[in-house]
Every structure is written in structure tokens, then in C-alpha cells.
Amino acid sequence: MEKKTCIAMVPCPGLSHLIPLLEFAKRLIQLDHNNNKFHVTFLIPTLGPPSSSMISFLNDLPPNIDFNILPQVNIEDVPHNLHPATKMRLVVKLSLPFLHEAVSSLMSSHTHHLVALVLSMFSVDAIDVAKQFNLLSHVFFASGAVFLSFCLSMPKLDKSVFTDLTKTVNVPGCVVPFQVKELPDPVLYEKSSETFISFDGLCERLSFVDGVMVNSFKDLEGETIRAIEEENGNSLCIYPVGPIIQTESTNKENQWECIEWLNNQPPKSVLYISFGSGGTLSQEQLNELAFGLELSGHRFLWVVRAPSNTPSSAYLAGQKEDPLNFLPCGFLERTKGHGLVVPSWAPQIEVLGHGSTGGFLSHCGWSSTLESVVHGVPMIAWPLFAEQRMNAVTLTQVLKLAVRPKIDDESGIIKREEIAKVIKRIMEGDEGLEIRTRIKELSDAAGVALSEHGSSHRALSSVFMKWQNI
């Protein structure tokens with residue numbers, strides 16, 4: 001019996017890192033053309049029991065994709081106050097013995113021929129396991145080419161520049177320099193801190209894999225992709241394979257309510273507000289956003305989370321409080337019929353694809369950014385953490401697909417008047433129309449890139465054939 005070619009995918013903790021890998025796996029399986037000769041298995045490091053959302057995603061996988069949730073690491077070995085990026089990397093490092101055992105089992109399979117490990121950015125330490133078994137190692141980089149370019153250039157940068165937030169850093173392939181304050185969170189920590197050292201080491205390890213599949217496409221980030229290829233020569237293969245996004249929401253929470261409400265709104269009239277799978281606002285900022293929405297006079301669909309002074313507080317842990325209890329007094333009554341507020345979760349794919357949705361106030365996570373581009377929805381850029389500030393700069397200053405509200409110098413928050421102003425900019429008038437035209441062109445280009453003869457399809461097929469021929 002002929003063995004199936006098999007690759008194992010190793011995500012890091014966090015649903016927003018797992019979902020792009022799952023979608024990538026589905027895309028790979030489609031290249032098999034129903035010959036049933038290709039298999040993907042997920043080997044999933046964990047800090048705690050899997051969430052109900054994760055289980056719903058995993059149980060919805062198609063044939064030829066399965067999963068193995070690795071034993072939980074000892075929570076006492078993971079300090080609770082670690083930066084999320086450092087914590088994710090540490091959980092994967094602590095899971096390497098479990099991963100080694102799982103890979104060993106796959107290697108002895110009578111039905112599967114394991115050829116490669118595909119890692120997410122924060123599970124890059126698993127390349128050690130790949131080398132032990134003489135397997136190829138690839139990274140599926142769920143963020144964009146700009147962030148990838150920064151990460152690959154990070155080991156070569158003069159680290160002293162990061163101590164001055166007003167200084168700028170040039171990233172290969174980017175036409176605008178980035179102020180240090182716009183760079184990813186770990187870079188802003190002391191150079192001697194565990195957070196900075198971990199991120200710097202992670203960036204260095206990226207150059208040791210056999211290839212990187214970046215979730216972008218040439219019409220979106222062509223200059224940056226070319227610059228990465230030129231900077232890294234023949235030492236690292238870069239495959240722009242995006243946009244890889246969900247085609248439908250697996251979690252159906254609030255779906256009927258959201259879609260039913262949108263069905264009754266005029267075309268392109270609704271602003272959708274969501275800060276991703278874990279983003280949170282402070283109570284003061286939550287209030288200002290509520291009043292800003294009210295002041296704008298525009299229809300809105302808002303996914304609300306309980307407030308926190310840590311912007312990523314819901315990222316690796318769920319929230320138990322009812323978010324609606326934290327809204328300003330009388331807000332729900334005053335906006336009834338004009339706006340819809342749902343707690344914690346909405347079917348984002350269906351919302352962005354709905355004809356009534358005319359704008360997206362987004363945290364600029366890369367998955368949300370690609371979803372907005374694919375569905376042709378203009379954005380208001382409201383970054384919170386990770387590489388989101390870099391994405392916001394790219395969206396507003398380079399691609400010109402978004403507007404960005406100004407932060408008040410004194411309070412450090414975005415005031416209601418500014419929020420109302422940017423909502424009107426994106427939902428009304430010439431500027432919003434120009435952005436809508438540009439994003440529609442990129443939406444069409446995304447479809448072409450993924451088509452049979454498109455650049456992303458060809459890039460993905462080349463990786464697929466490389467694995468098949470081992």
C-alpha cells in the first residue's frame with residue numbers, strides 16, 4: 001500500500017494563530033485533486049484545556065486533516081506576567097518533548113510518509129525537532145510581508161535605535177520608515193528584558209527554516225516581497241500564498257441576530273466594529289467609543305468585550321463578565337434600532353461580506369485586514385498590540401485603504417469627537433469613496449492571485465509539489 005505524503009503543522013497557542021493554519025491546511029488538501037494521497041496532521045501545544053471555540057474549529061475539519069492536542073505543559077513553568085508573545089514561544093519550547101514523541105510516532109506510521117513540519121511564527125523552535133528527524137521545516141507566516149521583512153532584518157539592526165520612540169527604522173521593501181513607537185510591542189521593552197531577548201531570538205531563528213509561506217499576495221505587498229527575496233538571496237525561499245482567510249465563520253455565536261439585523265439596513269450603511277479574538281479597551285476608551293458612535297449618527301454593529309487596561313487581556317484567556325454591563329448608562333436604549341451591540345463574538349466573515357456593511361473599525365490584525373480586503377470593505381485603523389501598529393501604518397500611509405484616528409496627547413486615548421470624525425470620513429464623501437475604489441481593485445486582485453494561474457496559487461503549488469516529490 002502506497003503511503004500518503006504527510007506534513008505536520010505546529011501552531012502556537014492562540015486561536016488567531018490556529019485559524020490561519022487550519023485554513024492553510026484546507027487549501028493544501030484542495031491541491032490533492034481528490035487523489036487521497038496527501039495528509040495534514042496538527043500537533044497542538046497547550047497551556048490549558050482547549051476552548052470551546054477551538055474544539056468547534058477542529059471538529060469541523062475535512063477528511064485528510066486530523067489533530068493531536070499535545071499534553072498540557074505545567075502551568076507553574078509559565079510565569080503569569082509574561083508578554084503574550086514570550087508566553088506563546090515558551091509554551092511551545094516546553095512542549096518540545098511531547099512534540100518529539102508525536103513526530104516519532106508519525107515517522108513509524110505504515111500509512112503516512114512524514115516529510116515536513118509547518119510552524120507558526122511563535123512555534124519556530126520546533127525546527128529542532130524537524131532537524132532531529134531530518135524533516136523539512138517551513139513557517140506559515142500568518143502576518144503580512146511588511147512584518148516578515150522587519151522580523152528578518154531585526155537581527156541585523158542596531159538595537160540602540162529602539163531606545164528612542166521618536167526615531168525611525170527603515171524596513172526593506174517599505175516605502176515609508178516606521179517610528180520606533182509603531183514597532184511590535186516586544187521591541188519596545190528593555191534590551192535586557194526576557195520579552196526583547198525572546199523576540200530577537202525568534203526573529204533570528206526564522207532564517208534557519210527551509211522556507212516561509214507568507215499570507216499575502218503580490219498585488220498587495222509586491223515591493224516588500226521582492227525586497228525580502230533580494231535581501232535573503234538563495235538562503236531562504238519565500239512563497240506569497242495569500243490571502244488565506246476563512247470562507248465562513250465556524251463559531252455561529254450571535255450569527256442569526258447579526259445577519260437578521262443587517263438584512264434590514266440600507267446598502268453600505270453599517271460600520272462594523274471589532275478588535276479581533278482578544279483585543280480589549282480600557283473603560284474610559286470604551287465610553288469614548290460608545291459616545292463617538294452615537295455622535296457620528298451612523299449605523300453600527302459593535303462586538304463588545306469587557307474593558308481592561310491590558311489591550312490583549314482576552315487573547316489567551318476568555319472573559320466571564322457580561323460586556324454589555326460596562327457600556328455607558330442609557331447607550332443601548334438611545335441607539336436601539338440604529339445600532340446593534342453583541343457580546344464578545346460575531347460572525348465576521350458573514351458580516352464583512354454582507355451588502356449592508358460599509359466600513360470596518362478594526363484592530364488591524366492581519367487576518368482581519370485580509371478579510372476586509374477580500375470583501376472590499378474600507379477600514380478605520382485602531383491598532384492595539386503586536387504588529388498591529390505596523391499594519392496600521394501600511395494601511396493608511398502606503399496602501400491608503402484606511403483612515404486612522406488621532407490619539408489625544410493629554411489623555412492618551414481617542415476622544416469621541418475624533419471617533420465621530422473618522423467615521424464620517426470613511427462612511428461619507430470623497431475620501432471614503434476613493435478608499436472604497438482602491439480596496440475593490442485589491443479585492444479583485446486577490447481573487448486573481450488565488451485562481452488557477454494566479455501568483456499565489458502557483459507559489460502554493462510549488463511548495464506542495466516539493467513535499468510530494470520527497
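Just so it is clear, the structure is predicted and the values come from calculations on it, not from any experiment. For the single chain, residues carry numbers from 1 onward in sequence order.
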Shortest non-hydrogen separation from I245 to S367 and the atoms involved: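 Shortest heavy-atom contact: CG2-O, 4.4 Å.
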How would you list, by chain and number, every residue that makes a salt bridge (Lys or Arg N to Asp or Glu O under 4.0 Å) with [X], sequence neighbours excluded?
X: R205; answer: D125, D128
X: R27; answer: none
X: K268; answer: none
X: E23; answer: K26

May I ask you to check whether [X] and [Y] show a side-chain donor-acceptor distance below 3.5 Å?
X: S53; Y: S56; answer: no
X: E194; Y: T86; answer: no
X: H457; Y: E452; answer: no
X: T41; Y: D66; answer: yes

Using the test side-chain contact (heavy atoms from CB on, under 4.5 Å), find all partners of [X] that sit at least two apart in sequence or belong to another chain.
X: P347; value: S249, Q255, C258, E350, V351
X: C174; value: V146, V171, F178, T224
X: S456; value: F217, A449, L450

Taking R305 for the side chain and S344 for the main chain, is one N or O donor matched with an acceptor at less than 3.5 Å?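 Such a contact is found between R305 side chain and S344 backbone.
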Checking the side chain of S149 only, and the main-chain atoms of P172 only, is there a donor and an acceptor separated by less than 3.5 Å?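 Side chain of S149 to backbone of P172, a donor-acceptor pair under 3.5 Å: yes, one is there.
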Please list all pairs meeting side-chain hydrogen bond (donor to acceptor under 3.5 Å, both in side chains) that have one or both residues in residues 71-83, counting only residues at least two apart or in different chains.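 Every candidate side-chain hydrogen bond (donor to acceptor under 3.5 Å, both in side chains) pair involving residues 71-83 fails, so no pair, neighbours aside, qualifies.
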Only pairs at least two apart or in different chains count here, so list each salt bridge (charged side-chain N to carboxylate O under 4.0 Å, His left out) that has a residue in residues 238-251.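 Qualifying pairs: E248-K252.
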Would you call the rings of F140 and F24 parallel, tilted or perpendicular, taking 30° and 60° as the class edges?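 Answer is parallel, since the angle falls under 30°.
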If the plane angle is over 60° it's perpendicular, under 30° parallel, otherwise tilted; pick one for F147 and F141.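 Judged by the thresholds at 30° and 60°, the geometry between F147 and F141 is tilted.
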Between side-chain atoms of residues 373-386 and protein atoms elsewhere (two or more places apart, or another chain), which donor-acceptor pairs fall under 3.5 Å?
none

CZ on F42 to CG on L70, rounded to 0.5 Å: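 The distance works out to 12.5 Å.
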Salt-bridge criterion met for K167 and E182 (N-O under 4.0 Å):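 Looking at E182 together with K167, the answer is no, because their closest N to O distance does not fall below 4.0 Å.
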Just jot down the side-chain hydrogen bond (donor to acceptor under 3.5 Å, both in side chains) partners of S216, sequence neighbours excluded, or say none.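 E221.
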Could you list the residues that satisfy side-chain hydrogen bond (donor to acceptor under 3.5 Å, both in side chains) with D185, not counting sequence neighbours?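 side-chain hydrogen bond (donor to acceptor under 3.5 Å, both in side chains) check on D185 returns R389.
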Taking the ring of F133 and the ring of H100, is the distance between their centroids below 6.0 Å?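 Between F133 and H100, which both carry aromatic rings, the centre distance is below 6.0 Å.
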